[in-house]
Visitor: 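I am attaching a structure below and will ask some questions about it afterwards.
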Amino acid sequence: MTKTILITGGAGFIGSHVVREFVTKYPDCHIINLDALTYAGNLENLKDIEHRANYTFVKADIRADSAVQAIFQQYQPDGVIHLAAESHVDRSITDPTAFVMTNVIGTVNLLNAAKELWKNNYEGKRFHHVSTDEVYGALGDTGLFTEETSYDPHSPYSASKASSDHFVRAYQDTYGLPVVITNCSNNYGPNHFPEKLIPLCIHNILNNRPLPIYGDGKYTRDWLYVVDHAKAIDLVFHGGKNGESYNVGGFNEWQNIDLVKELCKQMDEKLGRPAGTAAQLITFVKDRPGHDLRYAIDATKINQELGYRPSVTFEQGLSITIDWYLNNQEWLDNVTSGDYQRYYEKQYE
Ligand code: NAD
Ligand code: DAU
C-alpha cells in the first residue's frame with residue numbers, strides 16, 4: 001500500500017460514502033475507518049466494500065485520548081479525514097455537552113495524535129477536517145456564505161463545530177500542522193439517518209405518519225447529494241492548499257415546505273398513490289429554538305481552484321434517494337426500532 005488514510009466517522013451517513021469513494025478509487029491506499037458506532041453509525045452502510053483488501057474497520061471513541069494515540073501509532077496514517085461527530089442540531093439542543101465532548105475534545109485528541117505522529121516530518125501529511133456551513137450562522141433573504149464570512153454559530157451543534165474549526169486552524173498556525181477544512185451545506189442521499197428532515201419524511205410517508213414542519217416552513221437550506229460531497233472531499237484532500245478552507249454547496253436552495261411538497265409528489269408517484277396523498281400528512285409544529293433562517297453556499301473557490309461541480313440535479317438525486325429507501329426498507333426498519341422510537345416521541349410529543 002502506498003499510503004494509509006484514517007477516516008473517522010466512516011460508518012455514518014457521509015462518512016460511509018467517503019469511505020466507499022476512497023476504498024474503490026484508491027485500491028493502493030489502506031483506508032482505516034475509525035468509528036465508535038453510536039446510534040448514527042451503522043456498518044450495514046459499508047456491506048458492499050467491507051471485504052476489500054485495502055479496508056480496515058476499527059471501533060474506537062475519539063473522546064478517548066489514549067485509544068486515539070494508540071491507533072495512530074499502530075496504523076501510522078499519512079492522512080486523516082475527520083468526519084466523526086454528533087451531527088443533529090435538535091439533539092444538541094437537549095444535550096449540548098455530548099457535542100462538546102465529541103466535536104471539540106474528540107477533534108483536539110485527533111489533532112494531538114497527528115501532531116505527535118508527524119512531528120518529525122510534515123511532508124506528504126494532511127489533516128482534513130470536515131465541517132459545516134452552519135458555523136457561519138444564518139443568512140437573510142439574500143447573500144451567500146463565502147470562505148471569508150465571519151463565524152456566527154447559533155446552535156450548540158454549530159458552536160461545537162465552529163470551535164473544532166478554530167482548533168484545527170490553531171494547530172496549523174501554532175505547530176505548522178498541514179490542515180484543510182471543508183464547510184459543506186445540507187447533504188441528502190442513501191443511508192441518511194431518519195432523524196434528519198428528508199429521510200424522516202420518507203419514513204413517515206411510508207408509515208402514514210405526520211410530516212412535522214418546524215415553524216412556518218420558510219426556512220431555507222442548500223441541498224447537496226452526498227456522493228458529490230464525498231467527491232468534493234476527495235478533491236480538497238488531494239488538491240487543496242494547506243491552511244485553507246473550502247465551501248461546498250449544491251447551488252440548490254429550497255424552502256423546507258417546498259422541499260417536502262416535492263418529496264410528497266415524487267413519493268406518491270413512486271408508490272402509485274393518488275396525487276396529494278402524502279401532502280395531506282404535512283403538519284406545522286413548534287419551531288426549533290434558535291432556528292437559522294437560511295443557509296446558502298458560494299462554492300466559487302472550490303469550483304475555480306479544483307473544478308468541483310455537483311454531478312446530479314436535485315430532482316435526480318432525490319429520485320435516487322427515494323428509490324434507495326424504497327429498496328432498503330429493512331435498513332430503515334432496523335435503524336428506527338428501539339432508541340429511535342424513544343427519541344421520536346420525546347422530540348415530537
Ligand atoms: P452522522 O451522525 O450520520 O455520522 C456520524 C458518525 O460519527 C457515526 O458513524 C458515529 O458512529 C460516529 N461518531 C460519533 N461520535 C463518535 C465518537 N465519539 N467517536 C468515534 N466516532 C463517533 O453524521 P453525518 O451527517 O454523516 O456528518 C458527518 C460529518 O459531516 C460531521 O462532522 C458533520 O458535522 C459534517 N457535516 C454534515 C452535513 C450533513 O448535512 N449531514 C453537512 C456538512 C457537514
Ligand atoms: O447545513 C449543514 C447541516 O445540515 C449539517 O451540519 C448538519 O449535521 C445536518 O444535520 C444539517 O442540519 P439541519 O438542521 O439543516 O438539518 P435537518 O435535516 O435537521 O433540518 C433541515 C431543515 O428542516 C431545518 O430548517 C429544520 C427543518 N426540520 C427538520 C426536522 C428534523 C423540520 O422542519 N422538521 C423536522 O422534523
Side-chain angles (χ1 to χ4, degrees), residues 7-19 33-43 45-46 58-64 67-68 81-93 98-99 101-103 105-107 109-110 129-136 138 145 155 157-158 160-161 164-165 182-189 191-201 204 210-224 226 229-230 233 248-250 254-257 259-260 282-288 291-297 344 347-348:
I7 299 179
T8 72
F13 166 47
I14 302 170
S16 59
H17 291 277
V18 176
V19 166
N33 172 13
L34 183 169
D35 198 296
L37 300 182
T38 67
Y39 79 93
N42 187 348
L43 290 177
N45 297 349
L46 292 163
V58 179
K59 185 169 188 289
D61 191 328
I62 60 169
R63 294 171 299 182
V68 170
I81 304 176
H82 173 36
L83 297 107
E86 290 292 340
S87 69
H88 190 36
V89 173
D90 293 329
R91 289 186 193 253
S92 83
I93 294 167
F99 285 67
M101 297 310 292
T102 288
N103 299 0
I105 307 291
T107 301
N109 287 340
L110 290 162
H129 180 57
V130 177
S131 191
T132 169
D133 61 357
E134 298 202 12
V135 297
Y136 298 123
F145 295 134
S155 73
Y157 163 70
S158 53
S160 70
K161 292 297 289 188
S164 66
D165 291 14
T182 41
N183 295 90
C184 188
S185 62
N186 286 62
N187 286 214
Y188 69 96
N191 304 111
H192 204 182
F193 193 80
E195 64 189 348
K196 310 281 168 60
L197 181 67
I198 290 179
L200 183 144
C201 287
N204 285 11
L211 309 178
I213 308 293
Y214 296 159
D216 61 5
K218 299 240 165 87
Y219 297 92
T220 301
R221 299 291 183 263
D222 173 2
W223 293 92
L224 176 68
V226 63
H229 187 190
I233 288 172
V248 186
W254 286 79
Q255 286 193 346
N256 293 338
I257 185 66
L259 171 79
V260 171
I282 291 174
T283 309
F284 291 92
V285 301
K286 187 163 62 86
D287 209 348
R288 172 186 281 176
H291 201 164
D292 287 332
L293 177 66
R294 177 172 162 260
Y295 305 142
I297 284 281
Y344 196 91
Q347 177 66 21
Y348 297 98

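Values reported hereafter were calculated over all heavy atoms of this structure, with side chains retained and with hydrogens, waters and symmetry mates removed. Whatever order the structure lists them in is the order used to number ligands and atoms, beginning at 1.
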Visitor: Counting heavy atoms only, which part of Glu134 comes closer than 4.0 Å to ligand 2: side chain, backbone, both or neither?
Guide: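 Contact part for Glu134 vs ligand 2: side chain (C-beta onward).
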Visitor: Is there a polar contact, in the sense of an N or O pair closer than 3.5 Å, between Leu197 and ligand 2?
Guide: yes
Visitor: To which of Asp216, Asn256, Asn186, Ile257 does the heavy atom nearest atom 16 (O) of ligand 2 belong?
Guide: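 Among Asp216, Asn256, Asn186, Ile257, the closest heavy atom to atom 16 (O) of ligand 2 comes from Asn186.
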Visitor: Which one holds for Asn42 and ligand 1: side chain close, backbone close, both close, or neither close, with close meaning a heavy atom under 4.0 Å?
Guide: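 Neither part.
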Visitor: Mark up the atoms of ligand 2 that fall under 4.0 Å of a heavy atom belonging to Tyr219, in ascending order.
Guide: 25 (O)
Visitor: Report the nearest protein non-hydrogen atom to atom 36 (O) of ligand 2: residue, atom name, distance rounded to 0.1 Å.
Guide: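 Its nearest protein heavy-atom neighbour is Tyr348 OH, 2.6 Å.
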Visitor: Could you tell me the residue and atom name of the protein heavy atom closest to atom 8 (O) of ligand 2, and the distance to it rounded to 0.1 Å?
Guide: Ser87 O, 2.8 Å
Visitor: N/O to N/O below 3.5 Å, does that happen between Asp35 and ligand 1?
Guide: yes
Visitor: Could you say whether the N/O atoms of Ala84 and ligand 1 ever approach to under 3.5 Å?
Guide: no
Visitor: Would you call the rings of Phe193 and Tyr39 parallel, tilted or perpendicular, where under 30° means parallel and over 60° means perpendicular?
Guide: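 Answer is perpendicular, since the angle exceeds 60°.
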Visitor: Check whether any heavy atom of Gln347 sits under 4.0 Å from an atom of ligand 2.
Guide: no
Visitor: Could an N or O of ligand 2 be found under 3.5 Å from any N or O of Tyr214, whether backbone or side chain?
Guide: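 The answer is yes, given that Tyr214 and ligand 2 share an N or O pair closer than 3.5 Å.
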Visitor: Could you check atom 34 (N) of ligand 2 against the protein and tell me its nearest heavy-atom contact, residue, atom and distance included?
Guide: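 Nearest protein contact, heavy atoms only, for atom 34 (N) of ligand 2 is Pro212 O, 2.8 Å.
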Visitor: To the nearest 0.1 Å, how far is atom 18 (N) of ligand 1 from its closest protein heavy atom, and which atom is that?
Guide: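 Of the protein heavy atoms, Asp61 OD1, 2.8 Å lies nearest.
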Visitor: Suppose I only count heavy atoms of Tyr157 and a 4.0 Å limit; which atoms of ligand 2 are within that range?
Guide: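 Near Tyr157, the atoms of ligand 2 are 5 (C), 6 (O), 7 (C), 8 (O).
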Visitor: Distance to 0.1 Å, residue and atom name: give those for the protein heavy atom nearest to atom 33 (C) of ligand 1.
Guide: Tyr157 OH, 3.5 Å
Visitor: Quick check: Tyr39 and ligand 1, any N/O pair under 3.5 Å apart?
Guide: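 So ligand 1 has no N or O lying under 3.5 Å from an N or O of Tyr39.
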Visitor: Looking only at heavy atoms, which two atoms of Arg63 and Met101 are closest? And how far apart?
Guide: CG-O, 3.5 Å
Visitor: With respect to atom 14 (C) of ligand 1, which of Ala36, Ala85, Gly9 exhibits the smallest heavy-atom separation?
Guide: Ala85
Visitor: Any N or O of Glu195 that comes nearer than 3.5 Å to an N or O of ligand 2?
Guide: no
Visitor: Are side-chain N/O atoms of Asn204 and Tyr348 paired as donor and acceptor at under 3.5 Å?
Guide: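 No donor-acceptor contact under 3.5 Å links the two side chains.
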Visitor: Where is the nearest protein heavy atom to atom 43 (C) of ligand 1: which residue, which atom, and how far?
Guide: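 Closest protein heavy atom to atom 43 (C) of ligand 1: Cys184 O, 3.3 Å.
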Visitor: Give the ring-plane orientation class for Phe13 versus His192, where under 30° counts as parallel, over 60° as perpendicular and anything between as tilted.
Guide: parallel
Visitor: Which is it for Trp223 and ligand 1 at heavy atoms under 4.0 Å: side chain, backbone, both or neither?
Guide: neither
Visitor: Give me the residue, atom name and distance of the protein heavy atom closest to atom 1 (O) of ligand 2.
Guide: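 Residue, atom and distance for the closest contact: Asp133 OD1, 2.5 Å.
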Visitor: With respect to Thr38, determine whether any N or O atom, backbone or side chain, lies less than 3.5 Å from an N or O atom of ligand 1.
Guide: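 Between Thr38 and ligand 1, an N or O pair is found under 3.5 Å apart.
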Visitor: So is there a nitrogen or oxygen of Gly12 less than 3.5 Å from a nitrogen or oxygen in ligand 1?
Guide: yes
Visitor: Should Ile62 be counted as touching ligand 1, given the test is an N or O pair under 3.5 Å?
Guide: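 Yes.
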Visitor: Quick one, Trp254 and Asn186 - any side-chain contact, counting heavy atoms below 4.5 Å?
Guide: no
Visitor: Any idea how Tyr295 and Phe145 line up, ring-wise: parallel (<30°), tilted (30 to 60°), or perpendicular (>60°)?
Guide: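 Tyr295 and Phe145: tilted rings.
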Visitor: Could I get the full list of salt bridge (Lys or Arg N to Asp or Glu O under 4.0 Å) partners for Asp165, not counting sequence neighbours?
Guide: none
Visitor: Among all protein heavy atoms, pick the one closest to atom 26 (O) of ligand 1 and tell me residue, atom and distance.
Guide: Ile14 N, 2.8 Å
Visitor: Provide, to 0.1 Å, the distance between atom 32 (O) of ligand 1 and the closest protein heavy atom, together with that atom's residue and name.
Guide: Lys161 NZ, 2.7 Å
Visitor: With heavy atoms only and a cut-off of under 4.0 Å, state how Thr102 meets ligand 1: side chain, backbone, both or neither.
Guide: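 Near ligand 1, Thr102 shows its side chain, while the N, CA, C and O stay back.
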Visitor: Name the closest protein heavy atom to atom 31 (C) of ligand 1, giving the residue it belongs to and the distance to 0.1 Å.
Guide: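 Its nearest protein heavy-atom neighbour is Leu83 O, 3.2 Å.
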Visitor: Strictly under 4.0 Å, does any heavy atom of His291 approach an atom of ligand 2?
Guide: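 The answer is yes, since His291 has a heavy atom less than 4.0 Å from ligand 2.
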Visitor: Just to confirm my output: which protein heavy-atom neighbour is closest to atom 44 (C) of ligand 1, and how far is it?
Guide: Ser131 O, 3.1 Å
Visitor: Among protein heavy atoms, which lies nearest atom 1 (P) of ligand 1, and at what distance?
Guide: Ser87 OG, 3.5 Å
Visitor: So which of Lys161, Arg221, Arg288 gets nearest to atom 20 (O) of ligand 2, if we judge by its closest heavy atom?
Guide: Arg288
Visitor: Would His129 and Thr107 count as having a side-chain donor-acceptor pair, cut-off 3.5 Å?
Guide: no
Visitor: For Ser185 and ligand 2, does the shortest N/O to N/O distance drop below 3.5 Å?
Guide: no
